[in-house]
Q: 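Sharing a structure here in structure tokens format.
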Amino acid sequence: MKRVLLGVNIDHVATLRQARAGVEPEPVQAALLAEQAGADGITVHLREDRRHIVDRDLEVLKATIQTRLNLEMAATEEMLRIAEGLKPEHCCLVPERAEEITTEGGLDVLANYDVLKEATERLQAAGIQVSIFIDTQPEQIEAAARLGADAVEIHTGHYAKAATPQEQENAFRLVREGLDVGLENGLIVNAGHGLNYHNVHAIARLPGINELNIGHAIVARSVFMGLPEAVGRMRELIDQAVLMQ
Ligand code: PXP
């Protein structure tokens with residue numbers, strides 16, 4: 001039985017700070033507390049518009065956290081240069097639209113094959129493990145393997161947002177099948193988006209899942225119970241699910 005890793009996404013802490021363009025709450029403090037409470041990694045998304053995480057956060061996070069930094073980013077020249085300089089342990093390539101509230105869908109690997117291949121090779125040459133955020137279509141996952149990605153992160157948003165049990169069951173089946181395709185193709189398979197205290201169990205129970213990246217639910221709960229407890233509770237739920245694999 002392998003521990004399923006928990007990557008805590010702290011973007012929302014930076015969103016709150018940016019609401020007053022000030023210095024609190026400090027995302028680095030959130031990262032350190034999350035690590036102490038059982039996070040295996042810290043995830044941040046540097047957006048082109050810097051609406052939450054800003055460049056300085058990356059540098060301080062890289063210098064202070066003791067687990068692993070997972071930088072989510074679009075595969076643009078600007079972001080590639082930042083990542084090559086920063087050298088986080090992981091980069092997760094995501095699609096980015098200026099008008100979206102959060103990352104909406106997975107990358108279309110087939111349509112952007114050459115750009116993603118070049119980005120993957122550049123990041124790997126800088127010693128960074130590359131993951132691609134992806135929907136559950138097998139052909140997209142196979143394409144991610146072909147272009148040389150180390151990992152995929154399966155988009156669990158459809159599963160999380162399902163309106164009926166039937167819809168959720170269908171979305172869950174697609175996640176499970178995507179996981180199998182990823183593993184068959186030699187990829188590390190992570191998952192994330194929309195996971196919360198109610199729906200994480202089924203995903204964490206899937207044998208072969210490496211890491212879950214969770215942000216909104218943890219930061220939302222931390223408003224009322226504090227970040228260490230919110231992370232600790234999520235950690236417990238994941239560990240309990242793994243025992244039932
Ligand atoms: N994984 C990716 C690629 C994301 O873009 C996000 C949201 O920033 C997450 C995971 C975390 O999603 P949530 O905040 O819904 O837990």
Side-chain angles (χ1 to χ4, degrees), residues 3-19 24-47 51-54 57-58 60-62 64-73 88-90 92 94 100-104 131 133 151 153-162 168 171-172 175 189-206 209-243:
R3 174 179 161 98
V4 172
L5 304 176
L6 170 61
V8 174
N9 182 316
I10 56 168
D11 290 347
H12 280 5
V13 177
T15 300
L16 194 52
R17 176 193 59 193
Q18 297 311 96
E24 65 175 6
E26 168 57 62
V28 174
Q29 188 177 4
L32 301 181
L33 284 172
E35 284 187 325
Q36 285 163 12
D40 301 289
I42 301 298
T43 298
V44 290
H45 184 173
L46 185 69
R47 283 184 166 269
R51 70 171 76 152
H52 39 56
I53 292 293
V54 297
D57 294 328
L58 298 182
V60 188
L61 283 167
K62 182 72 177 78
T64 51
I65 68 171
Q66 295 181 33
T67 56
R68 296 168 289 109
L69 182 61
N70 175 29
L71 173 61
E72 287 177 9
M73 55 179 237
E89 283 76 9
H90 308 274
C92 181
V94 299
E100 69 191 359
I101 293 174
T102 179
T103 316
E104 284 169 354
S131 168
F133 188 52
E153 180 171 326
I154 295 182
H155 190 342
T156 48
H158 305 294
Y159 161 77
K161 277 170 74 178
Q168 191 176 49
F172 177 74
V175 172
V189 182
N190 304 323
H193 216 285
L195 296 178
N196 62 34
Y197 296 86
H198 304 286
N199 64 21
V200 73
H201 180 88
I203 302 291
R205 253 186 95 169
L206 289 171
I209 281 275
N210 174 63
E211 179 166 60
L212 302 179
N213 274 305
I214 308 181
H216 181 88
I218 290 176
V219 177
R221 190 166 280 207
S222 77
V223 171
F224 301 110
M225 57 163 54
L227 191 62
E229 204 173 327
V231 172
R233 182 67 191 134
M234 187 58 83
R235 181 69 271 160
E236 268 171 31
L237 288 176
I238 293 172
D239 289 345
Q240 282 164 11
V242 172
L243 285 175

Q: If every non-hydrogen atom of Ala204 is compared with every non-hydrogen atom of Val242, which pair is closest and at what distance?
A: O-CG2, 3.9 Å

Q: Rounded to the nearest 0.5 Å, what separates atom CD1 in Ile238 from atom CG in Leu243?
A: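 Here the rounded value is 12.5 Å.
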
Q: Testing the basics here: between Arg235 and Gly38, what is the closest heavy-atom pair and its distance to 0.1 Å?
A: CD-O, 3.2 Å

Q: Establish, yes or no, whether a centroid distance under 6.0 Å links the rings of His12 and His52.
A: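 No - the distance between ring centres of His12 and His52 does not fall below the 6.0 Å cut-off.
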
Q: Looking at side-chain heavy atoms only, is the closest gap between Ile154 and Val189 below 4.5 Å?
A: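 Counting from C-beta outward, Ile154 and Val189 do come under 4.5 Å.
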
Q: Just wondering, do Asn70 and Asn213 contact through their side chains at under 4.5 Å, heavy atoms?
A: yes

Q: For the residue pair Ala160 and His193, what are the closest heavy atoms and their distance?
A: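 Answer, listing the atom of Ala160 first, then His193: CB-O, 4.1 Å.
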
Q: Val8 and Met234: side-chain contact (heavy atoms from CB on, under 4.5 Å), yes or no, with the steps?
A: CA-CA 10 Å; Val8 174; Met234 187 58 83; over 6 Å; no

Q: Given side-chain contact (heavy atoms from CB on, under 4.5 Å), test Leu46 with Leu58 step by step and report yes or no.
A: CA-CA 8 Å; Leu46 185 69; Leu58 298 182; 3.7 Å; yes

Q: Of the non-hydrogen atoms in Gly41 and Thr67, which two are nearest, and what is the gap between them?
A: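 The pair with the smallest heavy-atom distance is CA-OG1, 3.5 Å.
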
Q: Does any part of the side chain of Glu153, heavy atoms only, come nearer than 4.5 Å to the side chain of Thr43, both counted from C-beta?
A: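 No, their side chains stay 4.5 Å or more apart.
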
Q: Heavy-atom count around Gln29 CD within 6.0 Å, excluding the residue itself: above 12?
A: no

Q: Does a salt bridge link Arg51 with Asp11, judged by any charged N lying under 4.0 Å from a carboxylate O?
A: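 So Arg51 does not pair with Asp11 through a salt bridge.
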
Q: How long is the gap from CG on Leu32 to CD on Glu26, to the nearest 0.5 Å?
A: 9.0 Å

Q: So Leu5 and Arg68, do their side chains get closer than 4.5 Å, heavy atoms only?
A: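 With C-beta onward as the side chain, the pair touches.
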
Q: Side chains of His90 and Ser131: does their closest heavy-atom pair fall under 4.5 Å?
A: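 They are not in contact (no side-chain heavy atoms under 4.5 Å apart), so the answer is no.
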
Q: About how many Å separate CG of Asp239 and CZ of Arg3, when rounded to the nearest 0.5 Å?
A: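 Nearest 0.5 Å value for the CZ-CG distance: 6.0 Å.
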
Q: Could you check Val4 against Leu212 for side-chain contact (heavy atoms from CB on, under 4.5 Å), going step by step and ending with a plain yes or no?
A: CA-CA 7 Å; Val4 172; Leu212 302 179; 3.9 Å; yes

Q: Mark yes or no for whether Asn210, through its side chain, and Asn190, through its backbone, hold a donor-acceptor pair below 3.5 Å.
A: no

Q: I need the minimum non-hydrogen distance between Phe133 and Gly192, along with the two atoms involved.
A: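 So the minimum-distance heavy-atom pair works out to CE1-O, 3.8 Å.
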
Q: Rounded to the nearest 0.5 Å, how far does CD1 of Ile218 lie from CZ of Arg233?
A: 12.0 Å

Q: About how many Å separate CG of Leu6 and CD1 of Ile42, when rounded to the nearest 0.5 Å?
A: 8.5 Å

Q: Between Tyr197 and Arg221, is there a cation-pi geometry (under 6.0 Å to ring centre, at most 45° from the normal)?
A: yes

Q: Can you tell me if His45 uses its side chain to pair, donor with acceptor, with the backbone of Arg47 under 3.5 Å?
A: no

Q: Atom CD1 in Ile53, atom CE in Met73: separation rounded to 0.5 Å?
A: 15.0 Å

Q: Mind checking whether Phe172 and Thr156 have side chains closer than 4.5 Å, heavy atoms only?
A: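 No, side chains not in contact.
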
Q: Evaluate the side-chain proximity of Ile65 to Glu89: yes if any heavy-atom separation is below 4.5 Å, no if none is.
A: no

Q: Give the C-alpha distance, both sets of side-chain angles, the deciding distance and a yes or no for side-chain contact (heavy atoms from CB on, under 4.5 Å) between Gln18 and Val54.
A: CA-CA 10 Å; Gln18 297 311 96; Val54 297; 4.0 Å; yes

Q: Should Ile203 and Asn199 count as side-chain neighbours, where that means a heavy-atom distance under 4.5 Å?
A: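 Ile203 vs Asn199: side chains apart.
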
Q: How close do Leu227 and Ala34 get, heavy atom to heavy atom, and via which atoms?
A: CD2-N, 4.3 Å

